[in-house]
There are 2 protein chains.
Amino acid sequence: MTEKKMTRIKARNEAKILEAAQKLFAAHGFHGTTIEKIAELSDMSQPNFHNYFKTKADVYEAVLNNTLTVWIDPLDALDVEADPEAELRRYIVQKIELARKYPEASRIFANEMLQGAPILMPHLKGHVRDKVQAFAAVIETWSRQGKIRPIDPVHLIFMIWGTTQHYADFLPQIRAVLGVPRLNKTHFDQAAESICEIVINGLKP
Amino acid sequence: MTEKKMTRIKARNEAKILEAAQKLFAAHGFHGTTIEKIAELSDMSQPNFHNYFKTKADVYEAVLNNTLTVWIDPLDALDVEADPEAELRRYIVQKIELARKYPEASRIFANEMLQGAPILMPHLKGHVRDKVQAFAAVIETWSRQGKIRPIDPVHLIFMIWGTTQHYADFLPQIRAVLGVPRLNKTHFDQAAESICEIVINGLKP
DNA sequence: CCTACCGATCGGTAGG
DNA sequence: CCTACCGATCGGTAGG
């Protein structure tokens, strides 16, 4: 009844919409998702949806921004002072954990890439590029110090990203090939272990 | 006028539709593509489209099948008698070449995966799974012979697929990070070289 | 005069 | 291969 209570309800409903929209956009893409479905999954009428987001594009952009905070931000730069093997292992394990815990975030990101990244392009040229360059600088330092063999650091990060995200984005294929109805933590741990082994061994001087 | 001429026109128009549809499905997905757009890009009226394909789902399925023939079939099994290093290099180079030459096929495949592979699932459980098991058998033989270090062969193939397809499916991100307007053959060759180096080195006993 | 929300329906466009 | 047109459903908004 009070202003505070209404604000609380508003915040709660907005969160429900974002969660529902993330699920639907991840599974069906932007065009395959209807406002009616988002509203339904958020336990509200479709007209009421428009009290929270004016258009479908608005909620998509909001979901995309949410996605970035769970998908890109947790990936700290490598610590140049630390042991390369341990650092790379930490990074790969972290990425596989993200693919396991937040496959929907990964798929929304993948969908946006397949569309040509119309919304995320500025972010890619800015924040993401900076992250890659920080990563590359550490790798190159390790190379100069003779701790790892010389390698193109940018392609190395593409390799780690491509391989780890594969377990979220291509899940149906992985399930079919492994012959399991769903992947459990053990499967992801085995994936991380296999990736770590090849990458870390492959980088040994 | 003759039956043969009509057949020729029909075949040519069908090919034009498939090419146009592949482009549009790759860029916008199934729901983001309209029959009107496909017809327009095929230089024909929208009603005429329906002389060649009854529904949008029909042409999508046809495109998907075309995609498989350029995307999966060229990947021969590894030759167990040959040198592991040379064989793996050949396989990786071949996959990167596919990503470079047929990025649209890769994106259509990726889109289908993101949707949960509703159409391709039987194919994944059959043909694709068989290919992976043939691949895995060769890898395991090499391991037993001490030619490469023991590794989970299925995760190795996911690694190669994930990494190489990344260059087609996440092209906007790769362009942004590299700071180039488009990727030329040299970029793809560098990618292949980096992947080969890490994988082949990572598998050395 | 504000909010949160409903049932009903708007103008346009989709696949067929 | 065209014009004309359908049942339905889309995103977004009206009044109460």
Side-chain angles (χ1 to χ4, degrees), chain A residues 1-64 108 111-112 115 118-119, chain B residues 1-64 108 111-112 115 118-119:
Chain A
M1 180 45 53
T2 67
E3 215 173 274
K4 260 186 191 142
K5 175 151 193 185
M6 294 195 311
T7 304
R8 239 191 299 141
I9 293 174
K10 222 171 145 61
R12 176 160 166 67
N13 277 343
E14 192 174 312
K16 280 170 78 175
I17 288 176
L18 285 170
E19 195 188 325
Q22 185 187 40
K23 236 173 221 143
L24 293 167
F25 284 136
H28 310 293
F30 180 81
H31 296 286
T33 301
T34 66
I35 292 181
E36 176 60 42
K37 287 274 179 198
I38 297 174
E40 194 183 306
L41 199 58
S42 313
D43 295 313
M44 68 178 67
S45 67
Q46 187 256 31
N48 193 25
F49 165 92
H50 292 286
N51 288 331
Y52 298 92
F53 294 95
K54 265 187 57 159
T55 68
K56 186 163 73 156
D58 286 343
V59 71
Y60 177 71
E61 202 159 334
V63 166
L64 216 47
I108 282 172
N111 251 310
E112 169 74 4
Q115 310 282 324
I119 294 171
Chain B
M1 184 41 50
T2 68
E3 217 172 276
K4 257 186 193 145
K5 175 152 193 183
M6 295 196 308
T7 305
R8 237 191 299 142
I9 291 174
K10 226 174 145 58
R12 173 159 168 67
N13 277 342
E14 192 174 313
K16 279 170 77 177
I17 288 175
L18 285 171
E19 194 190 324
Q22 187 187 40
K23 239 175 219 140
L24 292 167
F25 284 138
H28 311 293
F30 180 80
H31 295 286
T33 300
T34 67
I35 293 181
E36 175 60 42
K37 287 274 178 197
I38 298 174
E40 194 183 306
L41 199 58
S42 313
D43 296 313
M44 68 179 66
S45 68
Q46 188 253 36
N48 192 25
F49 164 92
H50 294 284
N51 287 332
Y52 296 91
F53 296 95
K54 264 185 58 162
T55 67
K56 186 161 75 155
D58 285 343
V59 70
Y60 178 71
E61 202 159 335
V63 166
L64 216 47
I108 283 171
N111 252 310
E112 169 74 3
Q115 310 281 323
I119 294 172

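Just so we're on the same page: letters track the sequence lines, and every chain starts at 1. For the numbers below, each heavy atom of this structure counts, side chains included, while hydrogens, waters and symmetry mates do not.
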Note to self: I want to check something: taking the side chain as every heavy atom from C-beta on, are A/F53 and A/I38 in contact at a cut-off of under 4.5 Å?
What the structure shows: no
Check: Taking atom C1' of D/dG11 as reference, at what distance in whole Å does atom NE2 of B/H31 sit?
Finding: 16 Å
Next item on the list: To the nearest 0.5 Å, tell me how far B/E61 CD sits from B/I119 CD1.
Entry: 5.0 Å
Residues 24-33 of chain A, side-chain donor-acceptor partners within the protein, below 3.5 Å, at least two apart:
from, atom 1, to, atom 2, distance (Å)
A/T33, OG1, A/L24, O, 3.2
A/T33, OG1, A/G29, O, 2.8

Check: Over how many whole Å does the gap from A/E36 atom CD to D/dG12 atom C1' extend?
Finding: 12 Å
Notebook entry, point to check: What closest approach, in Å, do B/V59 and B/I17 show between heavy atoms, and which atom pair accounts for it?
Noted result: CG2-CG2, 3.8 Å
Next item on the list: Taking only heavy atoms on the protein side, list every residue of residues 37-54 of chain A lying under 4.0 Å from any atom of DNA chain C, sorted numerically.
Entry: A/S45, A/P47, A/N48, A/N51, A/Y52
Notebook entry, point to check: Atom CG in B/N51, atom OG in B/S45: separation rounded to 0.5 Å?
Noted result: 8.0 Å
Next item on the list: To the nearest Å, give me how far apart NZ (A/K56) and C1' (C/dT13) are.
Entry: 13 Å
Notebook entry, point to check: Considering only heavy atoms, which members of residues 12-20 of chain A lie under 4.0 Å from some atom of DNA chain D?
Noted result: none
Next item on the list: Specify the closest pair of heavy atoms between A/Q46 and A/H50, including all atoms of both residues, with the distance to one decimal.
Entry: O-CD2, 3.5 Å
Check: With A/E40, which residues qualify under salt bridge (Lys or Arg N to Asp or Glu O under 4.0 Å), at least two apart?
Finding: none
Notebook entry, point to check: DNA chain D in dot-bracket, Watson-Crick or G-U pairs under 3.5 Å, [ ] crossing, | other strand?
Noted result: ....||.|.||.|.|.
Check: Which pairs pass side chain to side chain donor-acceptor pair (under 3.5 Å) with one or both residues in residues 12-27 of chain B, sequence neighbours excluded?
Finding: B/N13-B/Y52
Notebook entry, point to check: Looking only at atom C1', what distance separates C/dG12 and D/dA8, rounded to whole Å?
Noted result: 13 Å
Next item on the list: Can you sort out the partners of B/T55 under side-chain hydrogen bond (donor to acceptor under 3.5 Å, both in side chains), two or more places apart, ordered by chain and number?
Entry: B/D58
Check: How would you list, by chain and number, every residue that makes a side-chain hydrogen bond (donor to acceptor under 3.5 Å, both in side chains) with A/D43, sequence neighbours excluded?
Finding: none
Next item on the list: In whole angstrom, give the distance that lies between atom CD1 of B/I35 and atom P of C/dG15.
Entry: 5 Å
Margin query: With rounding to the closest Å, how many angstrom separate the P atoms on C/dG16 and D/dA4?
Written below: 22 Å
